[in-house]
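Here's the structure we're looking at; comments come further down.
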Amino acid sequence: MTPQRITLVTLGVADMARARAFYEALGWERHPESQEAVTFYQANGFAFGLFGLEDLAKDQGRPGTALGTGATTLAQNFATEAEVDAAYARALAAGAAPLKAPEKVFWGGYSGYFADPDGHVWELAMNPYWPLNADGSLTLPEPGDAD
């Protein structure tokens with residue numbers, strides 16, 4: 001059986017220096033294991049990486065393939081609407097493209113979207129039905145827990 005977990009998320013980027021500058025402007029700290037061609041950030045329970053698009057395609061066994069973006073959404077949940085607003089403002093100040101400003105949404109929460117400089121889509125959300133753990137991580141509630 002394959003474990004139900006994610007240990008590393010890697011985004012293909014066109015310009016490593018630009019991508020590093022963007023994520024570090026969000027307050028992310030580059031991990032010492034980072035190299036010229038790949039950048040790592042320690043996230044909450046997994047690692048997050050940036051890898052050049054051409055190198056990523058080659059590493060995947062698909063040299064010359066044009067890798068796309070936008071069909072996947074990465075998300076960060078926050079405890080309050082104010083935290084969502086602050087994170088959204090910081091992303092825009094770092095160079096993100098606004099997709100949808102944070103607002104109350106049909107499912108009862110609050111969320112907004114931006115794209116990083118390579119077009120990778122991020123959602124910033126506050127979900128009142130999914131309380132965060134003390135370390136900011138998310139554990140989905142069991143059915144009936146919200147009662």
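- Heavy-atom neighbours of L8 CG from other residues, nucleotides or ligands within 6.0 Å: above the threshold of 12.
- Judged as a ring pair (Phe, Tyr, Trp, His ring centres under 6.0 Å), and not counting sequence neighbours, Y110 has no contacts.
- Rounding to the nearest 0.5 Å gives a distance of 8.0 Å between CG of L50 and CZ of R20.
- Contact check for N133 versus L138: no side-chain heavy atoms found under the 4.5 Å cut-off.
- When side chains are defined from C-beta on, Q76 counts as touching W122, because their heavy atoms get closer than 4.5 Å.
- Minimum heavy-atom separation, P128 to G108: CG-O, 3.3 Å.
- The nearest pair of heavy atoms linking A25 to A94 is CB-CB, 3.5 Å.
- Here the CD-CG distance, from E83 to L132, works out to 8.0 Å after rounding to the nearest 0.5 Å.
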Between V121 and T72, does the side-chain contact (heavy atoms from CB on, under 4.5 Å) criterion hold? Intermediate values first, please. CA-CA 7 Å; V121 177; T72 300; over 6 Å; no
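- Rounding to the nearest 0.5 angstrom, the gap separating the CD atom in Q35 from the CZ atom in F51 is 9.0 Å.
- Applying the salt bridge (Lys or Arg N to Asp or Glu O under 4.0 Å) rule to E123 yields no partners; only residues at least two apart in sequence or on another chain are considered.
- The distance between the ring centers of Y88 and Y113 does not fall below 6.0 angstrom.
- For residues 60-71, the pairs satisfying side-chain hydrogen bond (donor to acceptor under 3.5 Å, both in side chains) are Q60-R62, with sequence neighbours left out.
- Proximity of F48 to L11: side-chain heavy atoms (C-beta onward) are separated by under 4.5 Å at one or more points.
- When side chains are defined from C-beta on, S34 counts as touching F40, because their heavy atoms get closer than 4.5 Å.
- For S137 against D135, the heavy-atom pair with the smallest separation is OG-OD1, 2.6 Å.
- W130 meets the ring pair (Phe, Tyr, Trp, His ring centres under 6.0 Å) test with no other residue; sequence neighbours excluded.
- Cluster membership for F46 and Y41, using ILVMFWY side-chain heavy atoms within less than 4.5 angstrom, is shared.
- Taking the salt bridge (Lys or Arg N to Asp or Glu O under 4.0 Å) definition, one finds that E24 meets it with R30, sequence neighbours left out.
- Linking ILVMFWY side-chain heavy atoms closer than 4.5 Å, directly or via other members, places V9 and L56 in two distinct hydrophobic clusters.
- Between W107 and Y129, the distance from one ring center to the other does not fall under 6.0 angstrom.
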Can you list the steps and then say if V13 with L53 is a side-chain contact (heavy atoms from CB on, under 4.5 Å)? CA-CA 5 Å; V13 300; L53 284 167; 5.7 Å; no
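- For the pair S111 and K100, the minimum side-chain heavy-atom distance is below 4.5 Å.
- Using cut-offs of 30° and 60° for the angle between ring planes, the W28 and Y23 rings count as tilted.
- Closest approach of A96 to F114, counting heavy atoms only: CB-CD1, 3.4 Å.
- Among residues two or more places apart in sequence or in another chain, the salt bridge (Lys or Arg N to Asp or Glu O under 4.0 Å) test is passed with D118 by R18.
- Smallest separation of non-hydrogen atoms from G136 and N44: C-ND2, 3.7 Å.
- Contact of the N77 side chain with the M126 side chain is not registered, since no non-hydrogen atoms from C-beta on lie closer than 4.5 Å.
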